[in-house]
Amino acid sequence: MRNEQGLFRHWLSGQVDWSAMLEQDTPAATTAAAEAVPYHPHHDMASARRAIRCGQRAYTVLAIVLCLIFSAFMLLTVANLPSYGSDSAPTVNEVAERYVEKGTEETGAVNTVAGMILDYRAFDTLGESFVLFTAMCAVTMLMNAPGKRRVRKLDYEVLDYYQDPIIRTVCKLVIPIILMFGIYILLNGHLSPGGGFSGGAIMASALIIYALVWGGERASRAIPAKALRIIVLCALGFYACSKTYSFFTGANHLHSIISPGTPGRILSAGLILPLNVAVGFVVCCTMYSFYMYFRRGEL
Amino acid sequence: MEKLFTHLLENYEACVAVVLFVIGLCMLLFDRNLLKKVIGLDIMDTGTFLLLADRGYIAGRSVPIVTDGVTDMANYINPIPAGLVLTGIVVSVSVSALMLSLTVRIYKKYHTLDMDALYLMMSDRRKGGRV
Amino acid sequence: MMTIFRLILLTGLIVCAAATALTKKPMQAVIIYMAYSVIMSVVWIMLESPDLGITEAAVGAGITSLLLFLTLRRLNLIDRDEEHRKHEEESLREHAASHAGQKEEDGHA
């Protein structure tokens with residue numbers, strides 16, 4: 001049986017092919033006779049150290065070469081791109097023109113970006129919401145430790161911030177304002193910059209400040225874990241159902257009850273406003289639960 | 001050659017995006033700390049986003065929000081890269097949250113974030129099984 | 001004028017990214033990464049994409065840095081002093097030495 005460093009050196013000099021190594025790694029290849037043989041390194045410590053140093057040097061050289069090749073290729077590509085800020089670039093094609101010129105009329109959204117990501121390319125955003133949901137599930141699985149206070153309290157750390165009058169008063173003033181700002185951005189996603197993602201993140205930051213100051217236990221009593229999960233699932237289900245309806249009627253030229261409305265009004269743009277709210281809730285709950293899992297291992 | 005170089009200077013923002021990407025890649029390749037590797041991946045992400053947003057910019061035009069009912073393409077920049085990057089930013093956050101939780105798990109098991117020490121301990125463990 | 005401002009911002013981006021790569025302490029790297037994200041959000045406003053600016057300021061500078069800080073706190077890496085680090089390096093070296101010694105013993109056996 002070969003030592004790993006020796007193997008690496010052999011591989012560097014091209015004497016080992018990867019297919020044989022892969023076969024070696026499969027459990028079927030290790031027979032009982034091979035296991036009975038005790039572990040014998042081929043060489044003494046000095047040569048092993050030399051091999052390790054050699055391997056590290058080879059890694060550094062290869063990595064530098066890789067970086068140089070990467071940057072050279074990318075700079076070459078940049079040198080052949082159309083010049084910065086030109087209006088005749090091939091990216092400004094009929095698709096972008098259609099989105100800008102017909103977007104307001106067809107979707108009812110004044111903000112073309114919101115109209116694009118929540119109407120023309122709504123399935124893209126649905127997939128992204130599911131990416132967030134999947135990340136939340138994965139973080140839950142990796143960080144979940146209910147009931148165990150694994151985070152050691154540091155002695156310089158003040159854990160009851162809410163007893164400090166300055167922090168308490170400022171937070172009582174600031175949290176509603178941040179929450180309202182987030183809701184404003186969320187609801188005005190089709191009229192002004194913003195929308196579900198940024199509004200949801202700002203709302204989540206308000207909740208995070210609450211949990212930070214008043215402590216995890218009180219926050220998890222105020223916002224129970226079950227409510228968070230139900231909100232996320234309802235938002236995702238509503239998004240999927242409403243977009244399925246709108247794509248179904250749109251593709252089959254059926255009459256749809258959703259109308260774009262008057263562009264510029266707050267209650268316009270058909271499905272974009274409720275979809276923004278759904279995406280905002282998903283983002284808000286996901287970010288808040290990221291915080292809670294990283295902070296105390298449970299919601 | 002000279003023409004290429006002047007063109008590179010014209011596209012200075014794309015060059016900056018390339019530099020950011022390469023810095024992130026160097027952090028991924030050379031830094032031993034797992035946490036710094038996560039930050040490096042985030043920097044790589046933002047480099048890519050900067051390149052995309054830079055391609056959508058058109059000089060002298062404004063934000064693609066229809067004002068005063070003017071829906072002529074000559075007034076607005078390209079909205080497509082903005083939408084793509086908006087999607088990408090949120091995905092990059094969920095990716096980094098996932099990797100940070102993996103980092104926490106690794107630290108709990110091996111009590112180090114150094115890649116070399118991790119390799120050493122992992123090979124220890126494997127050989128311990130074999131011998 | 002705007003071009004100069006843009007150049008300053010882009011230089012700041014590169015400097016922040018390089019400083020993040022070169023600092024040794026994770027805590028400093030996280031703080032510099034936060035500054036990097038804030039500069040990035042201003043760059044996006046300059047590129048006429050305020051949607052991206054708001055999202056980056058809330059998500060990149062806010063949530064990502066917060067998660068990085070929380071990770072540091074969980075791992076107790078905040079304000080770790082030099083002595084502690086030296087101690088850890090020593091224990092690491094001891095571990096490596098015992099590993100090597102074990103290997104030699106195996107070789108003799």
Side-chain angles (χ1 to χ4, degrees), chain A residues 1 4 35 38-39 60 63 66-67 70-71 74-76 78-81 83-87 89 91-92 95-97 99-105 110-113 115-117 121 124-125 128 131-132 134-136 138-139 142-143 150 191-193 195 197 201 263 283 286-287 290 293-294, chain B residues 3-5 7-8 10-15 17-19 21-22 25-26 29-30 51 54-61 63-67 69 71-84 86-87 89-91 93-95 97-98 100-102 104-105 108 116 123 127 130-131:
Chain A
M1 199 186 288
E4 243 140 303
E35 274 172 13
Y39 171 66
T60 314
L66 184 76
C67 276
F70 248 109
S71 46
M74 285 190 292
L75 284 177
L76 200 66
V78 166
N80 287 309
L81 280 175
S83 55
Y84 172 67
S86 79
D87 52 353
T91 44
V92 192
V95 182
E97 241 166 67
Y99 286 161
V100 170
E101 286 173 358
K102 290 277 173 66
T104 310
E105 187 187 317
V110 176
N111 184 357
T112 316
V113 177
M116 194 187 94
I117 63 170
R121 303 186 171 196
D124 189 3
T125 311
E128 192 201 349
V131 167
L132 273 174
T134 316
M136 185 177 151
V139 170
L142 286 170
M143 303 287 282
R150 291 208 179 161
L191 301 177
S192 61
F197 297 119
V283 173
T286 311
M287 299 295 171
F290 279 167
Y293 279 120
F294 273 87
Chain B
K3 204 178 151 198
L4 275 184
F5 192 69
H7 205 77
L8 268 181
E10 254 176 51
N11 279 337
Y12 58 91
E13 220 158 270
C15 290
V18 169
V19 170
F21 188 90
V22 171
L25 191 69
C26 285
L29 287 176
F30 295 117
L51 183 73
D54 161 68
R55 288 296 99 200
Y57 179 74
I58 301 168
R61 299 192 186 178
V63 189
I65 293 174
V66 176
T67 37
T71 56
D72 191 15
M73 185 61 198
N75 287 321
Y76 305 110
I77 65 160
N78 193 351
I80 297 175
L84 296 178
L86 198 60
T87 313
I89 289 175
V90 181
V91 169
V93 170
S94 46
V95 168
L98 181 59
L100 286 175
S101 56
L102 284 171
V104 170
R105 284 298 287 263
K108 266 186 196 163
D116 291 347
S123 64
K127 271 168 204 151
R130 256 189 221 164
V131 173

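Protein chains get the first letters and strands the later ones, always in sequence-line order, with residue 1 at the start of each.
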A.B. asks: What part of T125(A) gets within 4.5 angstrom of chain B, counting heavy atoms only: side chain, backbone, both, or neither?
C.D. replies: neither

A.B. asks: Using every non-hydrogen atom in the two residues, find where C15(B) and V78(A) come nearest and quote the distance to one decimal.
C.D. replies: SG-CG1, 4.1 Å

A.B. asks: So which of A135(A), A79(A), C67(A) has the biggest tally of heavy-atom pairs under 4.5 Å with chain B?
C.D. replies: A79(A)

A.B. asks: If you count heavy-atom pairs under 4.5 Å with chain B, which of I117(A), N80(A), V113(A) comes out on top?
C.D. replies: V113(A)

A.B. asks: Pick from G56(B), S101(B), S94(B): which one has the most heavy-atom pairs with chain A under 4.5 Å?
C.D. replies: S101(B)

A.B. asks: On the 0 to 90° scale, with breaks at 30° and 60°, tag the Y12(B)-Y84(A) ring pair as parallel, tilted or perpendicular.
C.D. replies: tilted

A.B. asks: Identify the two heavy atoms, one from Y293(A) and one from M143(A), that lie closest to each other, and give their separation to 0.1 Å.
C.D. replies: O-CE, 3.8 Å

A.B. asks: State, to 0.1 Å, how close L81(A) and N11(B) come at their nearest heavy-atom pair, and which atoms those are.
C.D. replies: O-ND2, 3.7 Å

A.B. asks: Is T60(A) close to chain B through its backbone or its side chain, or both, or neither, when contacts mean heavy atoms under 4.5 Å?
C.D. replies: both

A.B. asks: I need the minimum non-hydrogen distance between V95(A) and R121(A), along with the two atoms involved.
C.D. replies: CG1-NH2, 4.5 Å

A.B. asks: Can you say whether R55(B) sits under 4.5 Å from chain A via the side chain, the backbone, both, or neither, judging by heavy atoms?
C.D. replies: both

A.B. asks: Hey, does F294(A) have a side-chain heavy atom less than 4.5 Å from the side chain of L100(B)?
C.D. replies: yes

A.B. asks: Quick one: what part of L66(A) sits under 4.5 Å from any heavy atom of chain B, side chain, backbone, both or neither?
C.D. replies: side chain

A.B. asks: Please flag which part of V104(B) lies under 4.5 Å from any non-hydrogen atom of chain A: side chain, backbone, both or neither.
C.D. replies: side chain

A.B. asks: Contact part of Y57(B) toward chain A, heavy-atom cut-off under 4.5 Å: side chain, backbone, both or neither?
C.D. replies: both

A.B. asks: Testing the basics here: between D54(B) and A14(B), what is the closest heavy-atom pair and its distance to 0.1 Å?
C.D. replies: OD2-CB, 3.7 Å

A.B. asks: Please test L25(B) against F70(A) for side-chain contact (heavy atoms from CB on, under 4.5 Å), starting from the C-alpha separation and ending with a verdict.
C.D. replies: CA-CA 9 Å; L25(B) 191 69; F70(A) 248 109; 3.8 Å; yes

A.B. asks: For residues M287(A) and L132(A), report the shortest heavy-atom separation together with the two atoms involved.
C.D. replies: CE-CD2, 4.5 Å

A.B. asks: Which one, I77(B), L29(B), L98(B), V95(B), leads in non-hydrogen pairs under 4.5 Å with chain A?
C.D. replies: L29(B)

A.B. asks: Side chain, backbone, both or neither: which part of I89(B) has an atom under 4.5 Å from a heavy atom of chain A?
C.D. replies: neither

A.B. asks: Against chain B, label M74(A) side chain, backbone, both or neither, depending on which of its atoms sit under 4.5 Å from a heavy atom there.
C.D. replies: both

A.B. asks: With a 4.5 angstrom heavy-atom cut-off, is it the side chain or the backbone of M136(A) that approaches chain B, or both, or neither?
C.D. replies: neither

